[in-house]
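Remember, predicted model here, so these are calculated numbers, not experimental data.
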Amino acid sequence: MPKITVAMPAHNAAPYINEAVDSILGQTCRDFELLVVDDGSTDDTARRVEVCTDARVRLIRLGTNQGRAAARNVALEQARGAYLAWMDADDIAVPRRLEKQAAFLEAHPDVDVCGGWLQYFHQSTALERFPAAPEDVRAATVFGAAVVNGCSLLRLEVLRAHGLRFDPTLERAEDFAFWADLLLGARRRAANLPEVLLRYRYFRRPFVPQWHARALLGHVFPRLGLAPGDAGATEAALHAGLIYAPLKAHCARHGAPALLAWLDRLWRGYTETFGTDPAFERYILFFAGKILSLSPDREGAAAFFRSLDIAGLAGP
């Protein structure tokens, strides 16, 4: 059995998949299988994989396009390695990515996931950093995917022990939901290496808030004791807007009191679940400070803030 299964779901990725496959076959760590799940492509994606003569490459063809979550679940079922590395079919892994991630997990048996930084290319040249320490990763997961799916290495036995899968009802944000299930629900630990491990092919796409809201309602809020019946669509919109909407416009639309009250409720739910967490408190104070500074009625917003439990986090 290979040490690592590199799982690469692919749909109509013919223009890019050769680069992605070559970046895995060129890894300094040689003990792996590359499992490509062709998700009903209508272009030459499958053929470009079939002509590869490297015996470590396996191809599974799905007869119809079933979506990203379903393709990932097939990979989870078919993976044979001790570790599972996700890799998207249009990205490029740096040569020592698998070597470094596997070495980190072997040196840290209390950590189940290892990620890293991204260097964007194609339509952006940004460098995206992610929190390193497990406590910081867990806190950040409440607000978004703090480990990049396509740059992660996981202990496969942990995923199977908890029965974790990707939610096939989510067309987008399925990775965000998965990390919430693993890091908040199953309470496993993840870390990110503070270096670029993946070149990420960036495409400018419109944000679709409905999928993020569904991931929040179905996978994030329940992990914090905020049942979907209590934390409804309005609160999901409040929360999602903190990260994805222009914050000034978000404050103007909903008002500082509503956003501050949500932060207070969110902090109480997180603290009741995980206990006192300085990493999460920093996020709460960061957003509260931004909201207070952007409120047209700063004095009134500040007075309301002082009435909340989270005011105690700011000190006297």
TODO: Give a yes or no answer on whether the side chain of Gln123 reaches the backbone of Arg204 with a donor-acceptor pair at less than 3.5 Å.
DONE: yes
Open item on the list: Over 60° means perpendicular and under 30° means parallel, so tell me whether Trp262 and His239 are parallel, tilted or perpendicular.
Closed with: perpendicular
Open item on the list: Please tell me whether Leu224 and Leu260 are part of a single hydrophobic cluster in this structure, the criterion being side-chain heavy atoms less than 4.5 Å apart.
Closed with: yes
- [ ] Compare all side-chain heavy atoms of Trp86 with those of Arg72 and state whether any distance is below 4.5 angstrom.
- [x] yes
- [ ] May I ask you to say whether Asp112 pairs ionically with Arg138, meaning some side-chain N is under 4.0 Å from a carboxylate O?
- [x] no
Open item on the list: With a 4.5 Å cut-off on side-chain heavy-atom distances among I, L, V, M, F, W and Y, is there a chain of contacts connecting Val74 to Val21?
Closed with: no
Open item on the list: To the nearest 0.5 Å, what is the distance between CZ on Arg30 and NZ on Lys3?
Closed with: 13.5 Å
Open item on the list: Measuring only between side-chain heavy atoms, which start at C-beta, is Gln27 closer than 4.5 Å to Arg97?
Closed with: yes
- [ ] Could you check Arg96, Lys100, Arg129 and say which one makes a side chain to side chain donor-acceptor pair (under 3.5 Å) with Glu195?
- [x] Lys100
Open item on the list: Just so I know, are the side chains of Asp181 and Asp167 near enough to count as touching, which here means a heavy-atom distance under 4.5 Å?
Closed with: no
Task: 4.5 Å side-chain heavy-atom contact, Ile291 and Leu242 - done: yes
Task: Partners meeting side-chain contact (heavy atoms from CB on, under 4.5 Å) with Ala279 (sequence neighbours left out) - done: Asp136, Ala139, Asp277, Arg282
Task: From Tyr270, Phe286, Phe287, residue fulfilling ring-ring contact (aromatic ring centres under 6.0 Å, His included) relative to Phe280 - done: Tyr270
TODO: Quick one: pull up CG in Leu98 and CG in Leu153 and give me the separation to the nearest 0.5 Å.
DONE: 7.0 Å
TODO: Establish whether Met8 and Leu156 are linked, either directly or via other cluster members, by ILVMFWY side-chain heavy-atom contacts under 4.5 Å.
DONE: no
Task: Close side-chain approach of Asn149 to Trp179, heavy-atom, < 4.5 Å - done: yes
TODO: Treating Ile, Leu, Val, Met, Phe, Trp and Tyr as nodes and any side-chain heavy-atom pair under 4.5 angstrom as an edge, say whether Phe221 and Leu263 lie in one connected cluster.
DONE: yes
Open item on the list: So for atom CD, which belongs to Glu299, do other residues, nucleotides or ligands contribute more than 12 heavy atoms lying within a distance under 6.0 Å?
Closed with: no
Open item on the list: To the closest 0.5 Å, what do you measure between CG (Leu164) and CG (Leu76)?
Closed with: 8.5 Å
Task: Side-chain heavy-atom pair Glu281, Thr271 within 4.5 angstrom cut-off - done: no
- [ ] State whether the number of non-hydrogen atoms from other residues, nucleotides or ligands found under 6.0 Å of Glu50 atom CD is greater than 12.
- [x] yes
TODO: Please name all residues satisfying side-chain contact (heavy atoms from CB on, under 4.5 Å) with Ser41, sequence neighbours left out, ordered by chain then number.
DONE: His11, Asn12, Asp38, Asp43, Thr45
Task: Parallel, tilted or perpendicular, as decided by the 30° and 60° cut-offs, for the rings of His108 and Phe104 - done: parallel
TODO: Check the hydrophobic clustering (I, L, V, M, F, W, Y; side-chain heavy atoms under 4.5 Å; chains of links allowed) and say if Val94 and Leu105 are grouped together.
DONE: yes
Open item on the list: I'd like to know if the side chain of Asn192 and the backbone of Gly116 have a donor-acceptor N/O pair within less than 3.5 Å.
Closed with: yes
Compile the donor-acceptor pairs under 3.5 Å between side chains in residues 308-316 and protein atoms, sequence neighbours left out, one pair per line.
none

Open item on the list: Is there a salt bridge (charged side-chain N to carboxylate O under 4.0 Å, His left out) between Glu171 and Arg214? Walk through the geometry before answering.
Closed with: CA-CA 10 Å; Glu171 292 184 17; Arg214 291 185 186 184; over 6 Å; no
TODO: Would you indicate whether the side-chain heavy atoms of Gln119 and Tyr200 approach each other to under 4.5 Å?
DONE: no
- [ ] Please work out which of the three classes, parallel, tilted or perpendicular, describes the rings of Phe143 and Tyr283, given edges at 30° and 60°.
- [x] parallel
Task: Heavy-atom side-chain proximity of Gln78 to Arg58 below 4.5 angstrom - done: yes
Task: Given Pro9, Ser152, Cys151, Ser23, the one that forms side chain to side chain contact (heavy atoms under 4.5 Å, CB included) with Met87 - done: Ser23
TODO: Take the angle between the ring planes of Tyr202 and Tyr120 and call it parallel below 30°, perpendicular above 60°, tilted in between.
DONE: parallel
